[in-house]
Amino acid sequence: MASMLLLGDIGVVEIIVHPSARKQGLGRELLRTVVATAHAEGFTALGVEVPGKTDAVPFYESFGFVRAFTEIRSVLQLDKVDWFTLGEFASGVAAGYRLQFCPDAPPEDLIEAYASAKASVQDIDLGDLDLKPSSHEPDRLRASLATLHARGLRPYIVVAVHEPTGDVVGLTEVVVPAQHPSRADQYDTIVVPGHRGYGVGRAIKALMLFELRSHEPRLTEVQTWNAAINEPMIKVNQELGFIPDREWLEYEADVADLAARLGLR
Ligand SMILES: CC(C)(COP(=O)(O)OP(=O)(O)OC[C@H]1O[C@@H](n2cnc3c(N)ncnc32)[C@H](O)[C@@H]1OP(=O)(O)O)[C@@H](O)C(=O)NCCC(=O)NCCS
């Protein structure tokens, strides 16, 4: 199968060939079809996210895709967590912040503030290609949460509220898939600029792990992805017990170049 998701002006590609049918040119044919569509419809660039050290790396490189961004996947094993230290992190937030656990979705009275917190970090450029959709308006956020539920992905959220203003200044999101309930995915973790350095990021992630332990008894690990240059988040993750294990690479290519290389024009 091949799919292409349009995000702004970039087409995000996914290609999967059954292991028994690989290395016979099927991947190339699927890519050719995707590129023909992208070219005919006037898109300029394709992006793809691939796990490091797999066949997908030489596959995309052979067509001229260039690596644009590297993320590190880290995994936390729940049975290795030091719960005592974690408890200190969860309660170690500065005065004036209230932490709130929100299973399924932020409450309606916080959704505007929640969306604003997400919007406030939109401009922070870590250099990635923005290959994932992001919802930072209340209606899109509600739709995105409803879609997660419909797909059997249960979201859990912890927010930090700045009590004097009522603003949401920190949030962390984890999703547990019904079809794979032993491994959760860490989605966004955000601390709004101006509220960094007060223990908020560490506290919300630590509280999340306590809540996951009590709400998801089958859960054994949590995986997360960080930009290799996002040092503050990497430090928090290390303190919590996340262990880096694999690179994830974002590649991009120009549609016109691909079309020429694949003999489409
Ligand atoms: C990546 C993938 C789609 C390739 O499919 P495929 O049908 O085996 O690829 P093709 O046979 O069409 O290979 C096309 C070219 O890619 C390159 N290539 C593919 N696999 C390669 C490998 N293991 N080592 C080196 N080059 C490789 C070669 O240049 C090849 O051309 P050649 O046969 O003339 O040498 C397949 O390995 C796969 O499904 N992987 C798992 C899913 C995945 O990770 N997808 C990527 C994320 S979207």
Straight-line distance of [X] [atom1] to [Y] [atom2], nearest 0.5 Å:
X      : Y      : atom1 : atom2 : value
Glu250 : Glu49  : CD    : CD    : 5.5 Å
Ser74  : Ile243 : OG    : CD1   : 8.0 Å
Met233 : Thr189 : CE    : OG1   : 5.0 Å
Glu239 : Leu86  : CD    : CG    : 10.5 Å
Leu153 : Leu145 : CG    : CG    : 11.5 Å
Leu262 : Glu29  : CG    : CD    : 8.5 Å

Please check if any side-chain donor atom of Gln186 sits under 3.5 Å from a side-chain acceptor atom of Thr172, or the reverse. yes
Is a side-chain donor-acceptor pair under 3.5 Å present for Glu61 with Tyr251? yes
Taking only Lys NZ, Arg NE, NH1 and NH2, and the carboxylate oxygens of Asp or Glu, determine whether Arg246 and Glu71 approach each other closer than 4.0 Å. no
Any chain of hydrophobic side-chain contacts (each under 4.5 Å) joining [X] to [Y]?
X      : Y      : value
Val176 : Val81  : yes
Ile16  : Leu249 : no
Trp225 : Val12  : no
Val174 : Leu99  : yes
Val66  : Trp248 : no

Could you tell me which non-hydrogen atom of [X] sits nearest to which non-hydrogen atom of [Y], and how far apart they are?
X      : Y      : value
Leu76  : Gly241 : CD1-C, 3.7 Å
Ala2   : Val34  : CB-CG2, 3.7 Å
Leu264 : Arg32  : CD1-O, 3.8 Å
Gly170 : Val200 : CA-CG1, 4.3 Å
Pro164 : Gly96  : CD-O, 3.7 Å
Ile10  : Gly47  : CG1-N, 3.8 Å

As a quick check of understanding, evaluate side-chain contact (heavy atoms from CB on, under 4.5 Å) for Leu219 and Arg213, giving each step before the final call. CA-CA 7 Å; Leu219 194 66; Arg213 186 175 70 163; over 6 Å; no
Is any side-chain heavy atom of [Y] closer than 4.5 Å to one of [X]?
X      : Y      : result
Val169 : Val191 : no
Glu252 : Phe69  : no
Met4   : Leu46  : yes
Pro155 : His149 : yes
Val57  : Pro51  : no
Leu31  : Phe65  : yes
Tyr114 : Val161 : no
Phe43  : Leu6   : yes

Kindly say whether [Y] contributes a backbone atom to a donor-acceptor pair with the side chain of [X] at under 3.5 angstrom?
X      : Y      : value
Thr54  : Val50  : no
His18  : Ser20  : yes
His215 : Glu211 : yes
Glu173 : Asp188 : yes
Thr220 : Ser182 : yes

side-chain contact (heavy atoms from CB on, under 4.5 Å) between Arg73 and Thr224, worked out: CA-CA 6 Å; Arg73 194 215 18 199; Thr224 188; over 6 Å; no
Could you list the residues that satisfy salt bridge (charged side-chain N to carboxylate O under 4.0 Å, His left out) with Arg67, not counting sequence neighbours? Glu247
For [X], does the [atom1] atom sit with more than 12 other heavy atoms under 6.0 Å from it, leaving out its own atoms?
X      : atom1 : result
Glu112 : CD    : no
Arg22  : CZ    : yes
Glu231 : CD    : no

Which word best sums up how the rings of Tyr97 and His195 line up, parallel for under 30°, tilted for 30 to 60°, or perpendicular for over 60°?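 Ring orientation of Tyr97 relative to His195: perpendicular.
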Can you give each donor-acceptor pair under 3.5 Å made by side-chain atoms of residues 100-110, sequence neighbours left out, with the distance rounded to 0.1 Å?
from	atom 1	to	atom 2	distance (Å)
Gln100	OE1	Arg98	NH1	2.6
Asp104	OD1	Arg154	NE	2.8
Asp104	OD1	Arg154	NH2	3.3
Asp104	OD2	Arg154	NH2	3.2
Glu108	OE1	Arg142	NH2	2.9
Glu108	OE2	Arg142	NE	2.9

Check step by step if side-chain contact (heavy atoms from CB on, under 4.5 Å) holds for Ile190 and Val121. CA-CA 8 Å; Ile190 289 167; Val121 297; 3.6 Å; yes
Step by step, would you call Asp55 with Tyr60 a side-chain contact (heavy atoms from CB on, under 4.5 Å)? CA-CA 9 Å; Asp55 288 351; Tyr60 285 105; over 6 Å; no
Does Lys205 qualify as a cation-pi partner of Phe242, given the criterion of NZ or CZ under 6.0 Å from the six-membered ring centre and within 45 degrees of its axis?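 Cation-pi check for Lys205 and Phe242: passes.
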